[in-house]
Amino acid sequence: MAAFVLVLGRARGQDTPAPPQVTAQQDHQRMMDLLHITSLRPGADGNHPQAPNAANYDEAKANPYPKLPDPLVLKNGKKVKSAKVWWSKRRPEIVEDFDREVYGRVPNVTPKVVWEVTGTTQEKNGDVPVVTKKIVGHVDNSAYPAITVNIELTLTTPANASGPVPVIMEFGFGNRPAGPGRPMPPQPAASGPTWQQQVLAKGWGYAILIPTSVQADNGAGLTQGIIGLVNKGQPRQPDDWGALRAWAWGASRALDYFETDKAVDAKQVGIEGLSRYGKAAIVAMAYDQRFAIGFIGSSGEGGVKLHRRNYGEIVENVAGSAEYHWMAGNFIKYAGPLNWNDLPVDSHELVALCAPRPVFISAGAFKGDAWVDAKGMFLAAVGAGPVYKLLGKKDLGTTEMPPIETALIDGDVAFRQHSGGHTTGPNWPTFLEFAGRYLKAPAIIPTQ
């Protein structure tokens, strides 16, 4: 019997077949079929308080699974009592669980990236003379020319620094619509110096990486971008990486570039992001131990918020067709037939993977940022504390949620909830005070 082959089109001027065009809903359904899942529980509705699936904001109902996995107990039941056992046995166990069930696996071999400085400008930001480079990372697509990936990065450093400077790299957000179920209140206009000017005032540089130049922020894009390139345009398997790991991979490739740029002290590079890019920032920090510090803004479910919390956004939201692309396909299982308590790991262990390096966890006030569950993120910071202590570092110093505007920055895990909305803006001064304990700038050469 003759075999019939469906050719889904070819890239213009290429011999390789073009990636199939699918919608997020189609790809999501395909993943459900792969996992033999017939239905999912609905996510929380943050816009309609009377809806049957309205988001819960009642703390009395927020903690249906109070017992978290213990980051210092091996799978064989033995306690982890030394740093050696943490690094050699327990940490790899946790990484494997996150790889398989939550964020997906980065392939063992990924394409090389060749960085090109496409433009350099000398300018001023506020009163500070700076050098800004526009940089493009060309991802080798020789294995599948139908997909092109060029990573977009800008780097700004003080022009008068006497040596390589620390750099804070932000996942650049741009104008993105709110996700389903997520109320997005209007944000007040910022006053005072920008975050970039605050960074420059410390003698540091800053960089902005555009995550969507690495991987699209939707399920339809999973056969494109770096994920599609590695898969040669084919759809994902259940444990393949999702967009959060792809964005984090892009940040690691930017760090590779910084290691070659004489203006940057690549051992003093921090990563920062807000919302979905806060999720990407904690993933980048957890997986790449070269990042010196993390500033994790309102990351919520899929980020620092505990999965085992019923407050604001929940697992079912991220497992739905609008957001599943952030995660491994396997994550969908925990929205039906499994539940959150079946997850082998929780987000306190994601924070613990950052240890012993410093992490600052940021949230806004209830009005404007309740969706991301500030207390759930605080509790994850608390839960990471024993690992920090095992490695000779300081934990948060308390297990009690502090009053709003209270900075917990005496330890190596830090937390502050500001009184603004879904933004990192009000927490930049506190983060920079915290980061100043770890990052040191060279002297500035006075201008003549």
Closest non-hydrogen atom pair between [X] and [Y], with its separation:
X    : Y    : result
V149 : V214 : CG1-O, 4.0 Å
A292 : P358 : O-CD, 3.2 Å
P92  : W86  : CD-O, 3.8 Å
V372 : M377 : CG2-CE, 3.7 Å
G43  : N53  : O-ND2, 2.7 Å
I147 : L229 : CD1-N, 3.7 Å

Compare all side-chain heavy atoms of [X] with those of [Y] and state whether any distance is below 4.5 angstrom.
X    : Y    : result
M327 : L244 : yes
N317 : E323 : yes
L222 : Y324 : yes
P235 : V22  : no
Q196 : T156 : no
V315 : E301 : yes
N150 : S213 : no
F171 : I271 : yes

Examine the side chains of [X] and [Y] and answer whether a donor and an acceptor come within less than 3.5 Å of each other.
X    : Y    : answer
D412 : Y438 : yes
W249 : T110 : yes
Y57  : D373 : no
D217 : H325 : yes
W340 : E316 : yes
N231 : R236 : no
H418 : N427 : no

Between [atom1] of [X] and [atom2] of [Y], what distance do you get to the nearest 0.5 Å?
X    : Y    : atom1 : atom2 : result
K333 : L40  : NZ    : CG    : 12.5 Å
L408 : M401 : CG    : CE    : 9.0 Å
M285 : C354 : CE    : SG    : 5.0 Å
W241 : I226 : CH2   : CD1   : 4.5 Å
N330 : L35  : CG    : CG    : 5.5 Å
K305 : I282 : NZ    : CD1   : 15.5 Å

Salt bridge (charged side-chain N to carboxylate O under 4.0 Å, His left out), that's the test. Do D33 and R30 meet it? Break it down for me.
CA-CA 5 Å; D33 294 343; R30 186 196 63 84; over 6 Å; no
Tell me, with the steps shown, if F415 and V382 meet side-chain contact (heavy atoms from CB on, under 4.5 Å).
CA-CA 10 Å; F415 176 86; V382 171; over 6 Å; no
Side-chain donor/acceptor of [X] to backbone N/O of [Y], under 3.5 Å:
X    : Y    : result
W87  : S82  : no
D27  : A220 : no
D369 : G364 : yes
Q417 : A374 : no
S347 : L350 : no
R357 : I293 : no
E101 : L343 : no
Q215 : A246 : no
S298 : L274 : no
E349 : D346 : yes

Are [X] and [Y] near enough that their ring centres are under 6.0 Å apart?
X    : Y    : result
F331 : H307 : yes
W195 : F431 : no
Y277 : W247 : yes

S252 and F291: CA distance, side-chain angles, deciding distance, side-chain contact (heavy atoms from CB on, under 4.5 Å) verdict:
CA-CA 8 Å; S252 291; F291 284 109; 4.1 Å; yes
Quick check on K134: does its NZ atom have over 12 non-hydrogen neighbours (other residues, nucleotides or ligands) under 6.0 Å away?
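No.
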With E96 as reference, evaluate K89, R105, R90 under the salt bridge (charged side-chain N to carboxylate O under 4.0 Å, His left out) test and give the passing residue.
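Of the listed residues K89, R105, R90, the salt bridge (charged side-chain N to carboxylate O under 4.0 Å, His left out) partner of E96 is R105.
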Would Y334 and D342 count as a side-chain contact (heavy atoms from CB on, under 4.5 Å) if you check the C-alpha gap in whole Å, the side-chain angles of each, and the deciding distance to 0.1 Å?
CA-CA 7 Å; Y334 299 97; D342 294 314; 3.8 Å; yes
If you look only at pairs with a residue in residues 48-59, which of them pass as a salt bridge (Lys or Arg N to Asp or Glu O under 4.0 Å), with sequence neighbours excluded?
E59-R309, E59-K375
Between E405 and R416, does a salt bridge (charged side-chain N to carboxylate O under 4.0 Å, His left out) hold up when you go through it step by step?
CA-CA 6 Å; E405 307 281 12; R416 185 175 184 265; 2.5 Å; yes
My understanding is that only one of K78, K84, K79 makes a side chain to side chain contact (heavy atoms under 4.5 Å, CB included) with K81; could you say which?
K79
Decide ring pair (Phe, Tyr, Trp, His ring centres under 6.0 Å) for W326 and Y103; before the verdict, give the C-alpha distance in whole Å, the side-chain angles of both, and the deciding distance to 0.1 Å.
CA-CA 7 Å; W326 293 339; Y103 297 113; over 10 Å; no
Can you confirm if the NZ or CZ of R245 lies within 45° of the ring axis of Y287 and under 6.0 Å from the centre of its six-membered ring?
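Judged by the rule (NZ or CZ under 6.0 Å from the ring centre, within 45° of its axis), R245 counts as positioned above Y287.
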For the pair R290 and D256, evaluate salt bridge (charged side-chain N to carboxylate O under 4.0 Å, His left out) and give the outcome as yes or no after the intermediate values.
CA-CA 10 Å; R290 294 176 301 165; D256 294 344; 2.8 Å; yes
Could you go through residues 60-71 and list every donor-acceptor pair under 3.5 Å that involves a side-chain atom there, pairing it with any protein atom two or more places apart or in another chain?
| residue | atom | partner | partner atom | Å |
| --- | --- | --- | --- | --- |
| Y65 | OH | N339 | ND2 | 3.4 |
| D70 | OD1 | L72 | N | 2.8 |

side-chain contact (heavy atoms from CB on, under 4.5 Å) between V199 and L432, intermediate numbers included:
CA-CA 7 Å; V199 167; L432 291 173; 4.1 Å; yes
